[in-house]
Novice: 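Below is a structure I'd like to ask you about.
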Amino acid sequence: NRSSDLNYIQDQLPRVVVVGDQSAGKTSVLEMLVEARIFPRGSGEMMTRSPVKVTLSEGPEHVAQLRNGTKKYDLTKESELKLLREEIEAQMRASVKPGQTVTNDTISLTVRGPGLNRMVLVDLPGVISTETAGMASMTKSSITSMCKQHMANPNAIILCIQDGSVDAERSNVTDIVTSADPQGMYDT
């Protein structure tokens with residue numbers, strides 16, 4: 001079965017799980033690895049509402065394709081990038097059930113391009129310190145649980161992104177990452 005073979009291969013690839021406080025720059029780091037601006041962005045509002053799993057691989061053209069989708073997005077064209085970002089955002093919003101702010105339903109896509117290393121990137125909603133108006137009451141704990149679940153993958157390489165203006169000791173994400181990998185926190 002080709003689908004189960006592909007899932008097995010993906011599960012064996014290095015998996016960079018990007019965890020950080022909301023608006024700490026996770027998306028910017030991911031887009032540097034993907035070499036394209038594929039993730040929805042917003043200022044001051046929560047944009048990542050579900051895990052986004054991006055499987056990278058080498059290929060002759062820089063293209064992206066959503067899982068179960070037929071359209072290939074040319075990542076060298078701004079109009080195609082915009083369409084892809086809009087589709088990812090629409091899928092996120094559609095997967096969030098009424099009364100919730102985030103969901104654990106993963107949006108999966110592949111990105112191929114010259115010089116891209118084979119790996120899986122996982123973007124997660126930003127860790128928050130408090131639920132604000134309009135957020136479901138379980139948003140903070142849902143995000144924490146989601147982060148822990150993805151960091152527990154044995155192939156996970158945890159990439160902790162923190163705002164440089166906040167001491168690690170006061171960051172919301174430090175305790176979550178330390179509990180998943182007590183030996184792995186390094187100051188750089």
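These values consider heavy atoms only, across backbone and side chains, with no hydrogens, waters or symmetry-generated copies. Quick caveat, the model's predicted, so the values are computed rather than measured.
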Novice: Within this structure, what is the CD-OG1 distance for the pair E89 and T48, rounded to the nearest 0.5 Å?
Specialist: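 That separation rounds to 9.5 Å.
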Novice: Nearest heavy-atom pair of K53 and T106: which atoms, and what distance?
Specialist: CB-CG2, 3.8 Å
Novice: Which heavy atom of K97 sits nearest to which heavy atom of D105, and what is that distance?
Specialist: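 Nearest heavy atoms, K97 then D105: NZ-OD2, 4.0 Å.
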Novice: Kindly write out the residues that satisfy salt bridge (charged side-chain N to carboxylate O under 4.0 Å, His left out) with E86, not counting sequence neighbours, or none if the list is empty.
Specialist: K82
Novice: Can I get a per-line list of side-chain donor-acceptor pairs under 3.5 Å for residues 73-81, giving both atom names and the distance, sequence neighbours left out?
Specialist:
{"residue": "D74", "atom": "OD1", "partner": "T76", "partner atom": "N", "Å": "2.9"}
{"residue": "D74", "atom": "OD1", "partner": "T76", "partner atom": "OG1", "Å": "2.5"}
{"residue": "D74", "atom": "OD2", "partner": "T76", "partner atom": "OG1", "Å": "3.4"}
{"residue": "E78", "atom": "OE2", "partner": "R85", "partner atom": "NH2", "Å": "2.9"}
{"residue": "E80", "atom": "OE1", "partner": "K71", "partner atom": "NZ", "Å": "3.1"}
{"residue": "E80", "atom": "OE1", "partner": "D74", "partner atom": "N", "Å": "3.3"}

Novice: Specify the closest pair of heavy atoms between C160 and V177, including all atoms of both residues, with the distance to one decimal.
Specialist: SG-CG2, 4.0 Å
Novice: I need the minimum non-hydrogen distance between A156 and M151, along with the two atoms involved.
Specialist: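 Closest heavy-atom pair between A156 and M151: CB-O, 3.7 Å.
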Novice: Supply the atom-to-atom distance S108 OG to Q65 CD, rounded to the nearest 0.5 angstrom.
Specialist: 12.5 Å
Novice: Within the 4.5 Å heavy-atom criterion, are V52 and M92 side-chain neighbours or not?
Specialist: yes
Novice: Are the side chain of T139 and the backbone of A136 linked by a donor-acceptor contact shorter than 3.5 Å?
Specialist: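 Side chain of T139 to backbone of A136, a donor-acceptor pair under 3.5 Å: yes, one is there.
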Novice: Please check this pair: side chain of Q91 against backbone of S95, looking for a donor-acceptor N/O pair closer than 3.5 Å.
Specialist: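 Side chain of Q91 to backbone of S95: no pair is present.
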Novice: With clusters defined by side-chain heavy atoms of hydrophobic residues (ILVMFWY) lying less than 4.5 Å apart, directly or transitively, does V63 cluster with F39?
Specialist: no
Novice: Does the side-chain contact (heavy atoms from CB on, under 4.5 Å) test come out yes or no for V29 and V18, once each step is laid out?
Specialist: CA-CA 9 Å; V29 171; V18 182; 5.6 Å; no
Novice: Applying side-chain contact (heavy atoms from CB on, under 4.5 Å) between L13 and each of N155, T55, L56, report the one that passes.
Specialist: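 Passing option: T55.
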Novice: Not counting sequence neighbours, which residues clear salt bridge (charged side-chain N to carboxylate O under 4.0 Å, His left out) with E87? List them please.
Specialist: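 Salt bridge (charged side-chain N to carboxylate O under 4.0 Å, His left out) check on E87 returns nothing, list empty.
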Novice: Is there a continuous path of hydrophobic side-chain contacts, each under 4.5 Å between heavy atoms, that joins M138 to M146?
Specialist: no
Novice: Indicate if V102 and V96 have the same hydrophobic cluster label, given that clusters are the connected sets of ILVMFWY residues with side-chain heavy-atom separations under 4.5 angstrom.
Specialist: no
Novice: Going from CG on N68 to CG on L109, what distance comes out if it is rounded to the nearest 0.5 angstrom?
Specialist: 12.0 Å
Novice: Within the side chain of H150, is there an N or O that forms a donor-acceptor pair under 3.5 Å with the backbone of D123?
Specialist: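 Here the side-chain-to-backbone pair does not exist.
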Novice: Could you tell me which non-hydrogen atom of N153 sits nearest to which non-hydrogen atom of R15, and how far apart they are?
Specialist: ND2-NE, 3.3 Å
Novice: Under a 4.5 Å cut-off applied to non-hydrogen side-chain atoms, are R49 and T101 in contact?
Specialist: yes
Novice: If you measure from CD1 on I161 to NZ on K26, what distance do you get to the nearest 0.5 Å?
Specialist: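 Between I161 CD1 and K26 NZ, I get 8.5 Å after rounding to 0.5 Å.
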Novice: For the side-chain contact (heavy atoms from CB on, under 4.5 Å) test, which of L124, L159, I157, V120 pairs with V17?
Specialist: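 Answer to the side-chain contact (heavy atoms from CB on, under 4.5 Å) test with V17 among L124, L159, I157, V120: L124.
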Novice: Is there a path of hydrophobic side-chain contacts, each under 4.5 Å between heavy atoms, that joins L33 and V111?
Specialist: yes
Novice: Kindly give the heavy-atom pair with the smallest separation between V19 and C147, and that separation in Å.
Specialist: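 Smallest heavy-atom distance, with atoms named: CG1-SG, 4.0 Å.
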Novice: Using modelled atom types only, decide if a donor and an acceptor are shared between the side chain of E58 and the backbone of P114 within a distance under 3.5 Å.
Specialist: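 Answer holds: no.
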Novice: Output the distance between atom NZ (K140) and atom OG (S145), rounded to the nearest 0.5 Å.
Specialist: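 Reported to 0.5 Å precision, the distance equals 14.0 Å.
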Novice: Do S57 and L116 have side-chain heavy atoms sitting under 4.5 Å apart?
Specialist: no
Novice: CG of L84 to CD1 of I38: how many Å apart, nearest 0.5 Å?
Specialist: 6.0 Å
